[in-house]
Chemist: 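Dumping the structure here so I can ask a few things about it.
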Amino acid sequence: MFLQRKTKHVAGISFKGLKKTMAQRSIHWFRKGLRLHDNPALMAACDGVTHMRAVFVLDPWFATQANVGVNRWRFLLQALKDLDNSLQKYNSRLFVVRGKPADVFPKLFKDWGITLLTYEVDTEPYAVSRDEEIDRLAQGAGVKVTRCVSHTLYDTQMTIAKNGGSPPLTYQRLQTVLSQLGPPPKPVEIKEKLLKACSPVLEEEHDKQYGVPSLADLGKDPADCGPCLFPGGESHALARMDTMLKKTNWVCSFEKPKTEPNSLEPSTTVLSPYLKFGCLSPRIFYYGLVDAYKGKKHSMPPVSLHGQLLWREFFTTVGAGTPNFDQMEGNQVCTQVDWEENTEWLEAWKMGRTGYPFIDAMMTQLRLEGWIHHLGRHAVACFLTRGDLWVSWEHGQRVFEEYLIDADWSLNAGNWLWLSASAFFHQYFRVYSPVVFGKKTDKNGDFIRKYIPKLSKFPEKYIYEPWTAPRAVQEKCGCIIGRDYPKPIVNHDEARKKNIARMAAAYARRNGAKEAAAGGKGGNKAGGKRKAEGGGKKSSKKAKVEKHITDFLM
DNA sequence: TCTGGCGTTGTTCCC
DNA sequence: GGGGAACAACGCCAG
């Protein structure tokens with residue numbers, strides 16, 4: 001109900017008006033939302049239309065600017081192939097068109113006699129500017145545009161408006177706002193409309209001009225791909241979700257922090273890549289969980305599976321409402337930290353050569369397979385930034401963007417902000433140990449043995465700290481530390497202490513700047529003065545922080 | 001304006 | 001080994 005209302009509103013046309021003008025030929029533009037199920041924009045493209053064409057534009061921007069690794073390309077192409085297969089069941093096809101959207105659409109509008117363009121709302125900065133341009137071109141061509149929200153549970157702009165015009169910056173605040181908005185809209189059923197709106201496509205002509213390309217067609221070497229553990233596409237997404245939802249006990253007792261980052265089989269759902277590309281509707285998943293929970297005791301947000309969908313909602317909403325969300329400079333929610341450029345350490349981290357087996361195994365899994373457990377992401381992100389290497393989270397973000405098959409602009413930036421304690425999370429003294437953390441769920445180091453075969457023969461006692469193994473043990477294991485596997489590039493205990501102090505200094509600078517700004521604006525001068533003079537809780541707290549900083553930096 | 005409680009996922013030590 | 005407190009002490013937010 002809500003979505004239909006929104007659709008009409010955003011498109012600036014009424015349903016009555018639509019029926020009178022009766023668009024005959026439409027394009028549904030697939031970007032994310034690579035699915036037929038619960039796709040309100042696709043449904044809008046079929047509404048009262050006799051010829052709907054499904055289009056995906058292979059925008060060169062993604063090849064040149066978007067930092068997409070080969071595993072994610074493979075996932076995308078599989079998803080497109082799956083979509084094409086599904087459309088064939090409706091006597092239709094997917095039209096994959098090469099070129100910039102701004103060049104492609106005016107031609108398609110004209111050649112195909114299009115009167116209606118529909119697409120799913122995308123809140124990422126590039127998508128927003130791209131879509132604004134396409135909207136202008138459509139308007140110029142007399143083509144109506146209908147946009148629908150279905151990548152998120154709620155319309156992010158509505159959530160922001162409900163929060164008073166700015167995005168909620170805490171999870172609890174988001175929950176409060178969403179509770180005021182009511183449950184998310186129900187999924188839409190599309191099959192009948194799709195059947196009516198699809199028209200036959202000439203087979204031979206089609207594959208030559210509009211077929212889904214192969215990796216080789218795109219200049220990618222398929223040999224660079226890792227094993228295909230999570231094939232792309234709506235069919236796989238729905239099958240994966242169904243399998244998972246059937247395990248109701250597991251679903252009801254799911255608590256994210258209790259899942260294992262280094263199990264050999266994923267301990268979580270791995271629905272993230274399917275949600276990223278929209279092969280799976282978040283609302284289908286949400287209501288699938290509602291059914292699974294029904295009448296049973298179950299975990300709750302933030303740790304439950306519903307909670308995971310809300311985290312996705314949280315970061316997408318903040319990302320949509322925060323300029324420069326993916327960088328430190330000009331990002332209002334981000335603490336400014338004096339990270340250091342260290343290409344050698346960054347490369348060691350990226351390639352799994354830090355000398356810390358747990359970190360290196362995680363990064364190897366990421367590079368080869370395109371997915372690692374969320375807590376593994378925490379450990380490696382903390383290590384790169386505030387924990388050990390003091391390298392900017394922006395660099396880590398770019399590496400994740402390249403390697404992850406589920407790399408999502410908002411979630412990636414949001415989580416890096418979180419883990420580097422630059423925003424949302426502030427307890428910077430809680431540092432993951434690259435040695436201790438993994439042991440909790442994998443004492444024997446089986447995960448390390450799998451991803452770093454060189455270390456596979458080390459006894460349990462040394463597997464997380466092979467540099468502590470006596471020379472004789474290293475020789476017996478066929479791996480000399482410093483020759484066959486690196487020595488640790490930093491001393492964790494020393495780096496941790498130094499970096500906690502550096503974070504304290506960064507926070508102190510930020511708070512100092514805030515106070516100065518408040519004073520300069522003629523705000524609460526009395527409060528500022530009181531703090532400056534010393535005395536009271538705040539001042540003693542400040543003195544403590546200063547001592548802490550001095551102890552480690554001087 | 002101040003204060004106490006809380007925050008998805010730290011580590012170490014002790015019982 | 002499991003649970004709870006200490007460690008040192010962050011920002012946010014409701015009341």
Side-chain angles (χ1 to χ4, degrees), chain A residues 163-164 166-177 254-263 267-268 299-315 318 333-335 337 358 372-383 386-388 411 414-415 417-441 443 464 492-493 496-497 499-511 514-515 518 523-531 535-549 551-552:
Chain A
N163 192 48
S166 63
L169 294 178
T170 65
Y171 189 86
Q172 285 197 342
R173 184 68 207 151
L174 177 86
Q175 281 186 291
T176 304
V177 173
F254 184 93
E255 290 183 40
K256 187 65 166 281
K258 290 185 181 167
T259 58
E260 300 184 2
N262 44 8
S263 53
S267 61
T268 49
S299 53
M300 296 290 284
V303 295
S304 65
L305 284 168
H306 260 171
Q308 305 315 301
L309 279 172
L310 293 188
W311 280 109
R312 181 174 178 271
E313 202 75 13
F314 175 67
F315 287 124
V318 189
V333 304
C334 177
T335 301
V337 178
F358 178 68
I372 53 176
H373 185 280
H374 189 64
L375 290 179
R377 300 181 198 199
H378 276 219
V380 300
C382 182
F383 186 87
R386 66 185 169 86
D388 294 81
L411 274 61
N415 277 303
L417 284 161
W418 183 292
L419 260 304
S420 63
S422 299
F424 312 120
F425 171 84
H426 309 279
Q427 290 153 300
Y428 53 76
F429 40 87
R430 289 189 180 174
V431 175
Y432 289 86
S433 161
V435 170
V436 171
F437 186 66
K439 282 186 187 174
K440 283 189 285 187
T441 46
K443 198 159 173 281
Y464 282 86
H492 173 68
D493 289 332
R496 177 184 157 275
K497 282 178 190 162
N499 292 343
I500 286 176
R502 293 208 266 197
M503 281 308 290
Y507 273 52
R509 276 196 299 276
R510 185 192 63 171
N511 293 338
K514 266 189 190 171
E515 278 181 24
N524 188 347
K525 283 178 187 167
K529 199 181 168 200
R530 189 161 57 242
K531 280 170 193 167
K537 189 189 168 195
K538 283 272 177 192
S539 298
S540 69
K541 203 170 169 185
K542 199 174 163 187
K544 259 188 183 176
V545 169
E546 275 161 11
K547 183 177 182 314
H548 189 56
I549 294 166
D551 285 350
F552 290 107

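Chain A is the first sequence line, chain B the second, and so forth, proteins listed ahead of strands; every chain is numbered from 1. All figures in this text were calculated on a predicted structure; none of them were measured in a lab.
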Chemist: Would you measure the distance from the P atom in B:dG5 across to the matching atom in C:dA5 and give it in whole Å?
Modeler: 15 Å

Chemist: Paired with C:dA9: which nucleotide, if any, by Watson-Crick or G-U wobble criteria at under 3.5 Å for both distances?
Modeler: none

Chemist: Quick check for you: to the nearest 0.5 Å, what is the distance between A:Arg173 atom CZ and A:Phe314 atom CZ?
Modeler: 12.0 Å

Chemist: Base, sugar-phosphate, or nothing for A:Glu255, non-hydrogen atoms under 4.0 angstrom?
Modeler: nothing

Chemist: Considering just the side-chain nitrogens and oxygens of A:Arg510, establish if one lies under 4.0 Å of OP1 or OP2 belonging to C:dG11.
Modeler: yes

Chemist: Can you pull every protein N or O that's under 3.5 Å from an N or O on nucleotides 11-15 of chain B?
Modeler:
unit_1 : atom_1 : unit_2   : atom_2 : d
B:dT11 : OP1    : A:Ser433 : N      : 2.5
B:dT11 : OP2    : A:Lys440 : NZ     : 3.2

Chemist: Supply the atom-to-atom distance A:Met300 CE to A:Leu305 CG, rounded to the nearest 0.5 angstrom.
Modeler: 13.0 Å

Chemist: Quick check, does A:Trp311 stack with B:dT8? I mean ring centres under 5.5 Å and planes off by under 30°.
Modeler: yes

Chemist: Taking pairing as Watson-Crick or G-U wobble with both contacts under 3.5 Å, can you name the mate of B:dT9, or confirm there isn't one?
Modeler: none

Chemist: So do A:Tyr464 and A:Phe358 actually touch side chain to side chain, heavy atoms under 4.5 Å?
Modeler: yes

Chemist: Among the candidates C:dA14, B:dT8, C:dC10, find the nucleotide nearest to the side-chain atoms of A:Arg173.
Modeler: C:dA14

Chemist: ring-ring contact (aromatic ring centres under 6.0 Å, His included) with A:Tyr171: which of A:Phe425, A:Trp311, A:Trp418, A:Phe424?
Modeler: A:Trp311

Chemist: Suppose you measure atom C1' in C:dA6 against the same atom in B:dT8; what distance do you get, rounded to whole Å?
Modeler: 22 Å

Chemist: Please give the distance between the P atoms of C:dA8 and B:dG7 as a whole number of Å.
Modeler: 23 Å

Chemist: By nearest atom, which of the nucleotides C:dA9, B:dG7, B:dT8 is closest to the A:Gln427 side chain?
Modeler: B:dG7

Chemist: Using only heavy-atom distances, determine whether the side chains of A:Thr259 and A:His373 contain a donor-acceptor pair under 3.5 Å.
Modeler: yes

Chemist: Would you kindly give the NZ-to-P distance between A:Lys439 and B:dG10, to the nearest whole Å?
Modeler: 18 Å

Chemist: If we take the P atom in both B:dC2 and C:dA9, what is their distance in whole Å?
Modeler: 23 Å

Chemist: Just verifying a value: how many Å separate A:Arg386 CZ and A:Leu419 CG, rounded to the nearest 0.5 Å?
Modeler: 6.5 Å

Chemist: If you look at every heavy atom in A:Ser299 and A:Ser304, which pair is closest and at what distance?
Modeler: OG-CB, 3.3 Å

Chemist: Has A:Asn511 got a side-chain N or O lying under 4.0 Å from the OP1 or OP2 atom of C:dC10?
Modeler: no

Chemist: Of A:Arg430 and A:His426, whose nearest nucleotide on DNA chain C comes first from the 5' end?
Modeler: A:Arg430

